[in-house]
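Here is how names work: the chains are called A, B, and so on, in the same order as the sequence lines, proteins then strands, and each is numbered from 1.
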Protein chains: 2
Amino acid sequence: MTDLFAPLVDDPAYRKIAILIEQRIVARTLRTGDALPSETDLARQFGVNRSTIREAIRELEIHGLLGRERGEKRLRVTRPEPQRVSSGVSRALALHDVTFMELWEAMMAIEPAAAQYAASRRTAAQLRGLTRASTRFSEGTGDTAAAVAAVVDFFTAVAEASGNRVLALAQSPLNLLLEPALSAIIDRVPQARSRIEAAQSKIIDAIKLNKSEQARTWMEKHIRDFKRGYELDLPTIRELEGH
Amino acid sequence: MTDLFAPLVDDPAYRKIAILIEQRIVARTLRTGDALPSETDLARQFGVNRSTIREAIRELEIHGLLGRERGEKRLRVTRPEPQRVSSGVSRALALHDVTFMELWEAMMAIEPAAAQYAASRRTAAQLRGLTRASTRFSEGTGDTAAAVAAVVDFFTAVAEASGNRVLALAQSPLNLLLEPALSAIIDRVPQARSRIEAAQSKIIDAIKLNKSEQARTWMEKHIRDFKRGYELDLPTIRELEGH
DNA sequence: GATAATCGGACTGTCCGACAATTCTGCCAC
DNA sequence: GTGGCAGAATTGTCGGACAGTCCGATTATC
């Protein structure tokens, strides 16, 4: 049943080196904050050319495992910033032409849960963040882009307040996809803005009072609202952008 | 209030080039399957050295935007494979020392939704995939690793059957985190295996009969079971691995 | 003595040139 | 058309080089 032979693969040196260094980081032999040896030194240690080392560390840098403080020259071990990885997920989803319904269903799964946990765990600072995002939406002028950004920021703030980094990281890629989709419809649906405003207000109230179930319920309503205008056709996010 | 000056940032050439090429890909000027010009040619076009080009395309290759068929030399534009991006997310979460409870809550949000949509949309082939994974679990010998892998595969199969790529991609990183966690507990909790077996069976039945609500409910029960043993302490996934 | 200016060394980003191994391509024979 | 082949093209890797910038230590200044 299973193949007798596996395809012959021979990773280039820069890949092997990247993997070796990555293992050290994941195993915490190299710990967050540690400075990496210089490229020249690494080249010596691995017995390869500096160009090869550079290609290897490029990979780790992109993964967010290595980075430098602003204006610093030496690389150090860092933790991958959530934003960096989620932007990669967003791009992947966009390139796969996911439909708005797919996005919507995922939001429907994730956001209410985030709201629920936010209600029981939010800190005072996080609550302020929520209020700020909501205010920015309701006080915004007609500017569509700004309104959409405020809606997205509200979701981000809820996810952060959930105190759950897995949920937050699952939620984050949705934002970048929601933005173009929402821009296309927020001005098409009458009352969209007033409904968003009302829902956000209800959600914040529930989170403020630690009412988990109410927070979840209102978030569900909030997201259901987004589905309007999509009932009939199932455009890809890309098409919404006008391509 | 706001700074008068922003910090001076000057991306290195290889980053700028990577961004330029990425834009072409995202905008579909370069379309999936298209072959990229040779490194030498790109170097000429951008007016930089080949080494610089190599570092730039390394970035895109890592993102999964460029790749080559097995045994092919030229790079072509590819769609990021979900598996590639989700492994990055997993690694990020692991390095942030997320707790099992965070993982569990995320599963609780995503898996039941996936099961629900799977029940209404699964193809016959996907149903077979589900059954296969489930059989592999129930017929497995005592081997812990194999049992855990089968459980994970079952989740993957459900996510795939959901027909929702956003949900599937949100779910996928959870698998790599679940594996070590589940390995540590599956043999600690008596009846764990029989309960998993029963739940999988119920879920498959519901999906087979297109009973969305039942599928969701049984998936919820299935996942709730995983929480046993974690009620008191909140270990990070990493600690479960024995580090 | 503490702080500020100075200087040399170290390091990164980029370039140039080179070569072996492998893949691609056009051409030829069948 | 198929198969085979020589030559061209391409990638992975190497060595060396240099300008600009950062870092650390030393020296000068208050």
Just to confirm, is there a sub-4.0 Å distance from OP1 or OP2 of dG15(D) to any side-chain nitrogen or oxygen of N49(A)? yes
In plain terms, say whether D34(B) and R24(B) are close enough for a salt bridge, that is, a side-chain N and a carboxylate O under 4.0 Å apart. no
Take the protein atom CZ of R44(A) and the nucleotide atom C1' of dC14(D), then report the distance between them rounded to whole Å. 18 Å
Do you know the tightest heavy-atom contact between S172(B) and S86(B)? OG-OG, 2.8 Å
With a 4.0 Å cut-off, would you call E55(A) and R58(A) a salt bridge? no
Leading and trailing nucleotides of DNA chain C with any atom under 4.0 Å from heavy atoms of chain A: dC11(C) to dT14(C)
Protein heavy-atom contacts under 4.0 Å, written 5' to 3' over nucleotides 4-12 of chain D as B (base), S (sugar-phosphate only) or - (none), form the string ------BBB
Would you say D41(A)'s side chain and S38(A)'s backbone share a donor-acceptor pair under 3.5 angstrom? no
Look at S51(A) and dG15(D) and indicate whether a side-chain polar atom (N or O) is within less than 4.0 Å of OP1 or OP2. no
Can you tell me if S87(A) uses its side chain to pair, donor with acceptor, with the backbone of R84(A) under 3.5 Å? yes
Could you verify whether a donor N or O on one side chain and an acceptor N or O on the other, from S162(B) and N164(B), lie under 3.5 Å apart? no
Any carboxylate oxygen within less than 4.0 angstrom of a Lys/Arg side-chain nitrogen, looking at K16(B) and D10(B)? yes
Using a strict cut-off of less than 4.0 Å between a Lys/Arg side-chain nitrogen and an Asp/Glu carboxylate oxygen, indicate whether R76(B) and E69(B) qualify as a salt bridge. no
